[in-house]
> 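This is the structure I have questions about; it appears just below.
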Amino acid sequence: MPELPEVETTRRGIAPHVEERRVRELVVREPRLRWPVDPALADHLRGATLGPVERRAKYLLLPAGDAGTLILHLGMSGSLRVIDAAEPPAAHDHLDLVLEDGQALRLRDPRRFGAALWQPAGTTHPRLAGLGPEPLGPAFDGDYLYRTSRGRRAAVKAFIMDNKVVVGVGNIYATEALFRAGIDPRRAAGRIGRERYRRLADAIRAVLTEAIEAGGTTLRDFTHSDGAPGYFRIRLAAYGRAGEPCPACGRTLVTSQVGQRATVRCPACQT
DNA sequence: CATAGCACCTGAGGGC
DNA sequence: TGCCCTCAGGTGCTAT
């Protein structure tokens, strides 16, 4: 489920409940995530006081004392909730980060593509090394995309979904941004001009920002009811709408495969 | 290095 | 109802 806005929403939701709290225990019910959970992870975390929760790409970073940082990834189906630690775990509730105040940060992930990793202080975890710039950060703009894409023959949609190029742009928002920018997702990345890349970078930033703002409205409920952030979906113009009329011109939106992923485009607006 | 294809895993939904 | 098929919002590994 999570793309960057969902991860950012989760970050903002959990932060007030975990920052400055001490870790009582990490309970691992199912270590078989994307990578096996290191048995030493619980030892690293026990007794540590958690610092400001940060996000890099779709990874959540939870500083744990002086020793290092807990890194969480939600994969395709992961979610985090803040709950009463006594609440019985349901299916696919693989990890509990139990806090001394009696609450717990609980990871649920049916498909187990998520991860829980340890990054010792002063090091960069290999999974974070080599990542491209944040799409909402200062290093990302149309000129960057233009420069980076020269000579690339891959489809522009695959190009902007490449984590080495820019992080956090998944299938939904790549589809939406290309629609907004009027660019055919199949077009070779190296054959798109500077001006169109400026439009694309603006579209990526806009759609991500809008989605984060939409997610923000659910944050107050993070520890209420089931305690999960409502994974919102902003009004999407193209994603999931194959066969429907294009919101801009009325032509029928079509679906196809680009870089092994389903994509939707307007055959008239996107060139 | 860039690219394409495959892999991991479970659940939901559609067709019969 | 049940079975079988396809598909899903991520990303790392491998071969070319």
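Lettering follows sequence order; numbering is per chain, from 1. For the numbers below, each heavy atom of this structure counts, side chains included, while hydrogens, waters and symmetry mates do not.
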> Within the pair A/R152 and B/dT3, is there a side-chain N or O less than 4.0 Å away from OP1 or OP2?
yes
> Roughly how far apart, to the nearest Å, are C/dT14 and B/dC9 at atom P?
16 Å
> Could you work out the separation of B/dC6 and C/dT6 based on their P atoms and round it to a whole Å?
15 Å
> Nearest to the side chain of A/Q260 - C/dT11, B/dC6, B/dT3?
B/dC6
> Is it the case that A/R241 places NZ or CZ above or below the six-membered ring of A/Y239, under 6.0 angstrom from the centre and within 45 degrees of the axis?
no
> Go nucleotide by nucleotide along DNA chain B from the 5' end; which of A/F159 and A/R112 gets its closest nucleotide reached first?
A/F159
> Between A/N163 and A/K58, is there a side-chain donor-acceptor contact under 3.5 Å, judged purely by atom types and distance?
no
> What is the base-pairing partner of C/dT11, counting Watson-Crick and G-U wobble geometry with both distances under 3.5 Å?
B/dA7
> Separation of A/L4 atom CG from C/dG10 atom P, in whole Å?
11 Å
> Contact class for A/R34 (heavy atom, under 4.0 Å): base, sugar-phosphate, or nothing?
base
> Using whole Å, what does the distance between atom P of nucleotide B/dA2 and atom NZ of A/K164 come to?
7 Å
> Starting at CD of A/Q257 and ending at P of B/dG5, how long is that distance when rounded to a whole Å?
11 Å
> So what does A/N163 hit on the nucleic acid, given a heavy-atom distance under 4.0 Å: a base, only sugar-phosphate, or nothing?
sugar-phosphate
> Please report, rounded to the nearest Å, how far the C1' atom of C/dG10 is from the CG atom of A/L72.
15 Å
> For a quick check of understanding: with a heavy-atom distance under 4.0 Å over all strands, which category does A/A158 fall into, base, sugar-phosphate or nothing?
nothing
> How long is the line joining CH2 of A/W35 and C1' of B/dC8, in whole Å?
10 Å
> Determine whether a donor-acceptor pair (N or O, by modelled atom type, separation under 3.5 Å) exists between the side chain of A/S77 and the backbone of A/R111.
yes
> Any side-chain N or O of A/R127 less than 4.0 Å from the OP1 or OP2 oxygen of C/dG12?
yes
> Return the nearest nucleotide to the side chain of A/R153; candidates are B/dT10, B/dT3, C/dG9.
B/dT3
> Without decimals, in angstroms, what is the distance between A/R111 CZ and C/dG10 P?
10 Å
> Look at the side-chain N and O atoms of A/Y239 and state whether any lies under 4.0 Å from the OP1 or OP2 oxygen of C/dG9.
yes
> Can you tell me how far P of C/dG10 sits from CG of A/D162, to the nearest Å?
13 Å
> Rounded off to whole Å, could you give me the CD-to-P distance for the A/E30 and B/dT10 pair?
9 Å
> Can you tell me how far CG of A/D96 sits from CG of A/L26, rounded to the nearest 0.5 angstrom?
8.0 Å
> Would you say A/D162 and A/R152 make side-chain contact, with heavy atoms under 4.5 Å?
yes
> Would you please determine if the base of B/dC8 is stacked by A/F113, with stacking meaning a centroid separation under 5.5 angstrom and planes under 30 degrees?
yes
> Does A/H92 make a side-chain N or O approach to OP1 or OP2 of B/dT10 shorter than 4.0 Å?
no
> C/dG9, OP1 or OP2 - any side-chain N/O from A/R261 closer than 4.0 Å?
yes
> Taking the side chain as everything from C-beta on, heavy atoms only, tell me whether A/Y173 gets closer than 4.5 Å to A/P5.
yes
